[in-house]
Amino acid sequence: MTMPETCTQQTPALIRVLVASGCPAMLEGLASILQRKSYIKVISQDLDGFGAVRGAVKLKPDVTILDWQLEGSHSATLVHVIRTQHRHARIVILSELNKDREIVPGLRCGAVGYIDRNSSPEEILTCVERVHAGHRHLAPIAAMRLAASVHFDGLTLREQQIVELLGENRTNREIAATLKISESTVRRHLTGLFLKLNARSRIEAIDVAIECGLLRPPLETDGNAGLQSASIN
């Protein structure tokens, strides 16, 4: 007699989050929302920009959530300072999107999430989970601003071709063979492309390209798992 198979559910990895806001009520509310999930731990709550920078650099949280203005420190400035000292920091800006004029500077400085202060708890949790998984998560207004800035900067024809091939999950060797160029040339184009899209990996570049309308959203996302740590090489 065979024993019935039992299904085991994989426990999500612990996500360590730092939150910073000049509003104590906002800070408390964010912490309460995040800790609804057993696998999210708020490791620091800061009321000013100095505390946020110090905590982000010292504690190295998996995700940092910054309110858009902390005692005169604009979000783009804080993102730049944190990522200068902790280049792998994954930062989400909580913003009044209709008033915020620093969305694109914040993204160019390295923020990978941008959501409205009035977002639902579900939206906030989804954002944290996606950012922790290596994706970007932008509210529609932020995505539109980013799209406009990328369109303004402009991609070369070769960069557009490479974006399309990235969307097909092609390797550097496959891209080189398709475009009849060397792999070193592919890497050089990827460096410029990542800079224009403010992406640190292929998966981020694909996310930005989708947000900017350069690629169609994939019908299935199962194949993305292997790309999360992929870089130019």
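What you see below is based on every heavy atom in this structure, not just the backbone, and it leaves out hydrogens, waters and symmetry mates.
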Less than 3.5 Å apart, any donor N or O on the side chain of His135 or Glu129 sitting next to an acceptor on the other?
no
Kindly determine whether Val208 and Arg136 satisfy side-chain contact (heavy atoms from CB on, under 4.5 Å), including the steps that lead there.
CA-CA 8 Å; Val208 177; Arg136 297 161 67 92; 3.0 Å; yes
So how far is it from Leu193 CG to Arg188 CZ, rounded to the nearest 0.5 Å?
13.0 Å
Only one of Ile103, Ile93, Leu66, Leu94 passes side chain to side chain contact (heavy atoms under 4.5 Å, CB included) with Ser75; say which it is.
Ile93
On a heavy-atom basis, the closest approach of Ile82 and Ala56 is CG2-CB, 3.8 Å
Applying side chain to side chain contact (heavy atoms under 4.5 Å, CB included), can you list everything that pairs with Lys58, at least two apart in sequence or on another chain?
none
The criterion is side chain to side chain contact (heavy atoms under 4.5 Å, CB included); which residues satisfy it with Leu165, sequence neighbours excluded?
Glu168, Arg170, Ile175, Thr178, Leu179
Calculate, to the nearest 0.5 Å, the distance between atoms SG and OH belonging to Cys127 and Tyr114 respectively.
12.0 Å
If I compare all heavy atoms of Leu18 with all of Ile43, which pair ends up nearest, and what's the gap?
N-CG1, 4.5 Å
In sequence, state the C-alpha distance, the side-chain angles, and the governing distance for Ile91 and Val112, and then conclude on side-chain contact (heavy atoms from CB on, under 4.5 Å).
CA-CA 6 Å; Ile91 303 172; Val112 292; 5.7 Å; no
Nearest non-hydrogen partners of Ser21 and Asp67, listed with the distance:
OG-OD2, 2.7 Å
Scan residues 175-184 for pairs that pass salt bridge (charged side-chain N to carboxylate O under 4.0 Å, His left out), counting only residues two or more places apart or in two chains.
Arg173-Glu183
Might you work through the side-chain contact (heavy atoms from CB on, under 4.5 Å) test for Leu70 and Asp46, ending with a clear yes or no?
CA-CA 10 Å; Leu70 287 166; Asp46 298 289; over 6 Å; no
Can you list everything that forms a side chain to side chain donor-acceptor pair (under 3.5 Å) with Ser184? Sequence neighbours excluded, please.
Ser182
Output yes when a side-chain donor or acceptor of Glu174 lies under 3.5 Å from a complementary backbone atom of Thr171, and no otherwise.
yes
By salt bridge (charged side-chain N to carboxylate O under 4.0 Å, His left out), Arg83 pairs with (sequence neighbours left out) none
Tell me the salt bridge (charged side-chain N to carboxylate O under 4.0 Å, His left out) pairs involving residues 21-35, sequence neighbours left out?
none
In this structure, CD of Gln45 is separated from CD1 of Ile65 (nearest 0.5 Å) by 11.0 Å
Just how far is it from atom OG of Ser201 to atom CG of Leu190, taken to the nearest 0.5 Å?
11.5 Å
Could you measure the distance from the CG atom of Asp116 to the CD atom of Glu123? Nearest 0.5 Å is fine.
9.5 Å
With no hydrogens and no angle check, is any side-chain donor or acceptor of Asp62 less than 3.5 Å from a backbone partner on Arg16?
yes
Verify side-chain contact (heavy atoms from CB on, under 4.5 Å) between His132 and Val17, making sure each step is shown before the conclusion.
CA-CA 10 Å; His132 179 251; Val17 182; over 6 Å; no
